[in-house]
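Everything on this sheet refers to the single structure shown next.
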Amino acid sequence: MEDTRTLGQFIPLHYHFEMLSDNARMSAFKSAINRVVKPGDVVLELGSGTGVLSFFAAEKARKVYAVELNLDLVDESRRFLQQNRNGEKVEVIHADAFEYIPPEPVDVVICEMLHVGLLREKQLEVIDAFKRRYQRNFEGSLPIFIPEAVIQAVMPVQYDFDFDGYYAPIMLFQNPYSNAHSRTMILGDPVIYHQLQYAVPYMLSCQWSSSLQITEEGTLNALRIITKNILVYTSEINSTITWDNQFLIVPLDRELQVHPEQRIAVSLDYHAGAPLSALRPVVSETVS
């Protein structure tokens with residue numbers, strides 16, 4: 001049985017190729033890191049994977065501590081960094097991000113243990129635990145976090161779960177940067193159900209009960225979960241760099257025929273970092 005503490009932390013190397021090939025992810029994080037990290041900074045990356053985000057930070061940083069629990073990725077990232085400029089600035093450390101404390105104060109913390117719904121990976125738990133350790137060991141304020149915040153939303157949809165005559169209502173992912181979602185009919189606008197800033201205290205659960213406004217006639221048989229990561233916000237120029245996880249289509253236990261102007265009561269209650277199966281929306285009633 002999979003250890004719930006390490007759930008999501010041992011992503012195989014070939015999957016990291018997909019992340020390296022994700023232009024939206026790479027360009028957003030590169031821009032955010034370039035904006036936040038200042039020359040001479042000390043940077044810590046929790047869950048460094050292939051080391052690419054630490055590589056971006058090393059462009060300006062004096063030192064980067066890159067912490068990774070997966071030994072295969074530790075070996076591979078060290079090999080990759082040796083072949084890239086400023087790789088000598090990055091110290092790849094085989095350690096548990098839940099327990100590691102840097103040997104000196106750091107200016108920036110990068111943590112991309114991100115999954116749609118903040119499920120599966122341990123982003124919230126890891127940063128929460130790090131903040132407690134850091135404040136016990138170092139005086140002064142907390143470092144800057146990348147991402148800085150997250151906003152999550154839910155929207156009502158009708159999804160065609162018929163696959164060559166085989167009806168299979170199953171959780172599935174959609175590219176948030178593509179409009180080619182021919183099986184999906186949008187039945188209403190997204191509604192925010194969860195948001196937080198990493199630098200301030202937050203809950204490790206996502207609990208929400210409210211209603212969704214229906215704008216189109218159709219069959220409500222699924223919800224789309226949207227996770228927008230605010231990598232950095234600069235108030236002086238009112239500028240934000242964001243990156244979206246894949247959309248998640250979550251089938252409902254029962255279908256509802258809906259019409260415009262109708263409101264649907266929905267509740268969500270799950271622990272961040274839990275398996276995807278923990279996300280079980282409840283459509284409790286229809287509200288006229």
Side-chain angles (χ1 to χ4, degrees), residues 1-2 4 7-8 113-125 150-196 202-229 242-288:
M1 180 178 293
E2 192 167 21
T4 56
L7 185 66
M113 296 185 186
L114 294 166
H115 202 286
V116 62
L118 293 176
L119 289 158
R120 189 161 173 79
E121 298 198 57
K122 302 297 186 179
Q123 178 86 355
L124 265 61
E125 290 186 37
V150 65
I151 300 172
Q152 301 202 90
V154 59
M155 67 190 308
V157 300
Q158 175 180 320
Y159 192 87
D160 179 7
F161 290 109
D162 185 287
F163 302 93
D164 288 324
Y166 186 65
Y167 181 68
I170 188 172
M171 279 189 178
L172 50 91
F173 299 106
Q174 294 179 322
N175 184 345
Y177 299 100
S178 170
N179 294 320
H181 300 146
S182 59
R183 288 179 175 266
T184 309
M185 177 180 175
I186 304 301
L187 300 176
D189 294 330
V191 173
I192 293 173
Y193 74 86
H194 181 241
Q195 53 188 326
L196 60 83
Y202 53 75
M203 301 293 291
L204 297 178
S205 60
C206 301
Q207 297 175 320
W208 177 82
S209 292
S210 190
S211 61
L212 303 178
Q213 176 72 58
I214 301 299
T215 59
E216 300 291 336
E217 191 89 20
T219 301
L220 174 63
N221 65 353
L223 298 177
R224 173 188 277 174
I225 303 298
I226 301 166
T227 303
K228 181 175 288 294
N229 302 289
T242 65
W243 174 65
D244 292 356
N245 285 97
Q246 289 181 305
F247 296 151
L248 179 64
I249 297 293
V250 183
L252 300 177
D253 291 336
R254 63 188 180 110
E255 297 181 349
L256 291 173
Q257 299 301 313
V258 295
H259 55 80
E261 308 306 324
Q262 187 177 6
R263 298 190 72 87
I264 304 298
V266 178
S267 63
L268 299 170
D269 186 357
Y270 63 92
H271 192 280
L276 289 176
S277 58
L279 183 55
R280 299 186 63 87
V282 176
V283 179
S284 57
E285 61 180 300
T286 59
V287 182
S288 60

Checklist entry - Ignoring hydrogens and geometry, is there a side-chain-to-backbone donor-acceptor pair from His115 to Lys122 under 3.5 Å? => result no
Checklist entry - For Phe163, does the CZ atom sit with more than 12 other heavy atoms under 6.0 Å from it, leaving out its own atoms? => result yes
Item to check | Verdict with supporting geometry, His271 and Glu125, side-chain contact (heavy atoms from CB on, under 4.5 Å) | outcome: CA-CA 10 Å; His271 192 280; Glu125 290 186 37; 3.1 Å; yes
Item to check | Gap separating the CG atom of Asp244 from the CD atom of Gln246, nearest 0.5 angstrom | outcome: 11.0 Å
Next on the checklist: Between Lys228 and Ile151 (side chain of the first, backbone of the second, donor and acceptor by atom type, cut-off under 3.5 Å), is there such a pair?
Outcome noted: no
Next on the checklist: Working note: Leu187 + Ile264, criterion side-chain contact (heavy atoms from CB on, under 4.5 Å); need CA distance, chi angles, decisive distance, verdict.
Outcome noted: CA-CA 11 Å; Leu187 300 176; Ile264 304 298; over 6 Å; no
Checklist entry - Under 30°, 30 to 60°, or over 60°: which ring-plane class applies to Tyr193 and Trp208, parallel, tilted or perpendicular? => result tilted
Checklist entry - Run the side-chain contact (heavy atoms from CB on, under 4.5 Å) check on Phe173 and Leu276 step by step: do they pass? => result CA-CA 11 Å; Phe173 299 106; Leu276 289 176; 3.8 Å; yes
Next on the checklist: For the CD1 atom of Ile214 and the CD atom of Glu261, what is their distance to the nearest 0.5 Å?
Outcome noted: 10.5 Å
Item to check | Donor-acceptor contact present, side-chain Tyr159 to main-chain Arg224, <3.5 Å | outcome: no
Checklist entry - Roughly how far, to the nearest 0.5 Å, is OG1 of Thr215 from CE of Met155? => result 8.0 Å
Checklist outcome for this item: To the nearest 0.5 Å, atom CZ of Arg254 lies from atom CG of Leu220 at 9.5 Å
Checklist entry - When Leu279 is tested against each of Leu223, Asp269, Val250 for side-chain contact (heavy atoms from CB on, under 4.5 Å), which residue passes? => result Val250
Checklist entry - How many angstroms lie between CG in Leu212 and CD in Gln262, if you round to the nearest 0.5 Å? => result 11.0 Å
Next on the checklist: Treating Tyr270 as the side-chain partner and Gly117 as the backbone partner, does any N or O pair qualify as donor plus acceptor under 3.5 Å?
Outcome noted: yes
Next on the checklist: With rounding to the nearest 0.5 angstrom, report the CG to CG distance, Leu204 to Leu118.
Outcome noted: 10.5 Å
Next on the checklist: Please evaluate residues Leu124 and Leu196 with respect to the criterion side-chain contact (heavy atoms from CB on, under 4.5 Å), reporting the C-alpha separation (whole Å), side-chain torsions for both, the decisive distance (0.1 Å), and the verdict.
Outcome noted: CA-CA 10 Å; Leu124 265 61; Leu196 60 83; 3.7 Å; yes
Item to check | Whether Arg183 side chain and Asp162 backbone form a donor-acceptor pair below 3.5 Å | outcome: yes
Checklist entry - Counting distance only, does the side-chain N/O of Arg280 pair as donor-acceptor with the main-chain N or O of Asp253 below 3.5 Å? => result no
Next on the checklist: Using every non-hydrogen atom in the two residues, find where His259 and Glu217 come nearest and quote the distance to one decimal.
Outcome noted: CB-OE1, 3.3 Å
Checklist entry - Judged by atom type as modelled, is there a donor-acceptor pair below 3.5 Å linking the side chain of Thr219 to the main-chain atoms of Asn221? => result no
Checklist entry - So which heavy atom on Pro190 is nearest to which on Ile226, and how close? => result CB-CD1, 4.0 Å
Checklist entry - For the residue pair Ile249 and Gln174, what are the closest heavy atoms and their distance? => result CD1-OE1, 3.5 Å
Checklist entry - So with a 6.0 Å cut-off around CE of Met171, is the heavy-atom count from everything else above 12? => result yes
